[in-house]
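Atoms within each ligand, like the ligands themselves, are counted from 1 in listed order. Worth knowing before you read on, the calculation uses all heavy atoms, side chains too, and leaves out hydrogens, waters and symmetry mates.
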Amino acid sequence: ESGITKPKGYNVSFHCNPEMEKHHFGMTHPMKPWRLTLSKSLIYSYGMSFAMDNYISRAATYEELATFHSTDYLDFLGTVLPEPVPRDLENQNPDLKFNLGGSDCPLFDGLYDYCSMSAGGALDAARKLVSHQSDIAIAWGGGLHHAHKAEASGFCYINDIVVAILELLRYHPRVLYIDIDVHHGDGVEEAFFSTDRVMTVSFHKYDPNNFFPGTGALDDNGPKSEQNPGSHHALNVPLNDGITDEQYAMLFDTIIGQIVEKFRPTAIALQCGADSLAGDRLGRFNLQVQGHGACVAFCKRMNLPLLLFGGGGYTPRNVARAWAYETALAVGVDDKINDYIPSHTPWRDQFRHDTLFPTLEQILGEPRVNRNTQKRLQEMIQHVTEQLRFVQA
Ligand code: V1S
Ligand code: CA
Ligand code: ZN
């Protein structure tokens, strides 16, 4: 039906779980699991399922989650029930156990299932890479980078990224973790603070007082100690409001290019949080779908096993466009996508290539004033270069 066929000798696997997408964080909460359904519909409408191996992922087991999380925390997560907390009282609750139940990490129906399904997709994706069945594995339902060993944080309860990277580390000597969500990837950074087998790099909006989670300064490179093999293996690129595609690509290509050369990863895990797009409900950047996708294209060119995670993204229409475009890049059909739209697709003409690329005017919300100076961007490159002097693959 579709003109898309699987490229020979090159495999992309797509991991999703429709059950996960049905969960609700609550009416006013910005995290909308149905954005995954929207993304998948767009991806399938373009006929891309014909070019990938498609899997309905399973839920991760307790034992798999316990490779990172504490059993105390998992036991609590598995038993807590949503209790109706009056909105005005919840923020005053002084002792939320494991930070569960506040407005950022509410208790909702099926919470444990939701978390284990997100991690299950990420783990399935990691396993496809280590078994060489896939070259690129996609888990848009993962990417929940703020969760700690025994604490929920910033809409994240289970750190599927850490669990998946631990799986990669069973076979790969060195994994490069890159995070383009507008928020700092603090949970993943902290989990690998003491190892030189994972290098973490997060690009994010940084304002210690006014932007979540407030960490990730330029000189925040992990516990500094001679004995810690992980020192210099946590890199941060703190940005200001309004960064553009051109500036972001310059930083990304220069920094990631240097890291790949020095650290010599054997696999790459890329968190593709779509809240770094212009018009995001929580984000502050001016990235377009093309600029966001350029990071995926750059990683693909490194020719290493590549795991793509989702993450944030709070303007669902734009999230779907970005992740559909990035799926097309992974598969390698981005430039000829119009040729593949199945002939039976209703509203076929509305699904042309340009649907994926809203102009800045079409994006909801005003573009932001760009507060990133060239001088500051050069300082960041300089700092990263200095950190990399200590890194030996
Ligand atoms: N920014 C922001 C933001 N908005 C909310 C929020 C809004 C409405 C709700 F009903 C519930 C929550 N929380 C925040 C941030 C957390 C951002 C998490 C981003 C996650 C990710 O994209 O990186 C990965 C999936 N929380 C805060 O700023 C904390 C507060 C300090 C202020 C907001 N209130 C609601 C909680 C405490
Ligand atoms: Ca980030
Ligand atoms: Zn985010």
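Taking backbone and side chain together, Ser202 holds an N, O or S atom under 3.0 Å from the Ca ion (ligand 2). Counting backbone and side-chain atoms alike, Phe203 contributes an N/O/S atom closer than 3.0 Å to the Ca ion (ligand 2). Look at His183 and the Ca ion (ligand 2): an N/O/S atom of the residue is under 3.0 Å from the metal.
Checked for salt-bridge contact, Lys300 and Asp135 miss the test: no charged N lies under 4.0 Å from a carboxylate O. Looking at Glu64 and Arg127, a side-chain N of the basic residue comes within less than 4.0 Å of a carboxylate O on the acidic one, giving a salt bridge. A salt bridge is defined here as a Lys NZ or Arg NE, NH1 or NH2 lying under 4.0 Å from an Asp or Glu carboxylate O, and Glu21 with Lys40 meets this definition.
At a heavy-atom distance under 4.0 Å, no atom of Val182 approaches ligand 1. Residue contacts with ligand 1, taken as heavy atom pairs separated by less than 4.0 Å, involve Tyr314 solely via side-chain atoms from C-beta onward. Contacts of Pro30 with ligand 1, taken as heavy-atom pairs under 4.0 Å, involve the side chain alone.
Angle OD2(Asp275) to the Zn ion (ligand 3) to OD1(Asp181), rounded to 10°: 100°.
For atom 24 (C) of ligand 1, the nearest non-hydrogen atom from the set His184, Arg284, His183, His145 belongs to His145. Among Met31, Lys205, His146, the residue whose heavy atom lies closest to atom 23 (O) of ligand 1 is His146. Across the listed options Gly311, Gly154, Gly310, Gly26, Gly154 owns the non-hydrogen atom lying nearest to atom 20 (C) of ligand 1.
Taking every heavy atom of Asp275 and a limit of under 4.0 angstrom, the matching atoms of ligand 1 come to 22 (O). Every atom of ligand 1 is numbered from 1 in the order shown, and the set under 4.0 Å from a heavy atom of Gly312 is 22 (O), 24 (C), 25 (C).
Distances from the Ca ion (ligand 2) to each N, O or S atom of Asp179 single out OD1 as the nearest. Nearest to the Zn ion (ligand 3), among the N, O or S atoms that His183 has, is ND1. With respect to the Ca ion (ligand 2), Asp181 has O as its nearest N, O or S atom.
His183 and Asp275 share a donor-acceptor pair across their side chains, judged by distance under 3.5 Å alone. Under 3.5 Å, the side chains of Asn236 and Tyr206 contain no donor-acceptor pair of N or O atoms. Between the side chains of His146 and Ser153, not a single donor N or O lies within less than 3.5 Å of an accepting N or O.
Any N or O atom pair closer than 3.5 Å counts here, and Asp104 shares at least one such pair with ligand 1. Ligand 1 has no nitrogen or oxygen under 3.5 angstrom from a nitrogen or oxygen of His29. Residue Thr28 has no nitrogen or oxygen atom sitting less than 3.5 Å from a nitrogen or oxygen atom of ligand 1, judged on distance alone.
With Pro265 as the fixed residue, the side chain to side chain contact (heavy atoms under 4.5 Å, CB included) test singles out one of Val198, Leu176, Ile178: Leu176.
Between His184 and His204, the ring-plane angle classifies as tilted under the 30° and 60° cut-offs.
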Distance-only check: which donor-acceptor pairs under 3.5 Å involve side-chain atoms of residues 384-393, not counting sequence neighbours?
from, atom 1, to, atom 2, distance (Å)
Thr385, OG1, Gln258, OE1, 3.1
Thr385, OG1, Gln258, NE2, 3.3
Thr385, OG1, Ile381, O, 2.7
Glu386, OE2, Gln382, NE2, 3.3
Gln387, OE1, His232, ND1, 2.8

Show me, pair by pair, the donor-acceptor contacts under 3.5 angstrom made by side chains of residues 105-121, not counting sequence neighbours?
from, atom 1, to, atom 2, distance (Å)
Ser116, OG, Tyr112, O, 2.9
Ser116, OG, Asp113, O, 3.2
Ser118, OG, Gly141, O, 3.1

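Interatomic distance, CD1 of Ile165 versus OH of Tyr177, reported as 7.0 Å (0.5 Å rounding).
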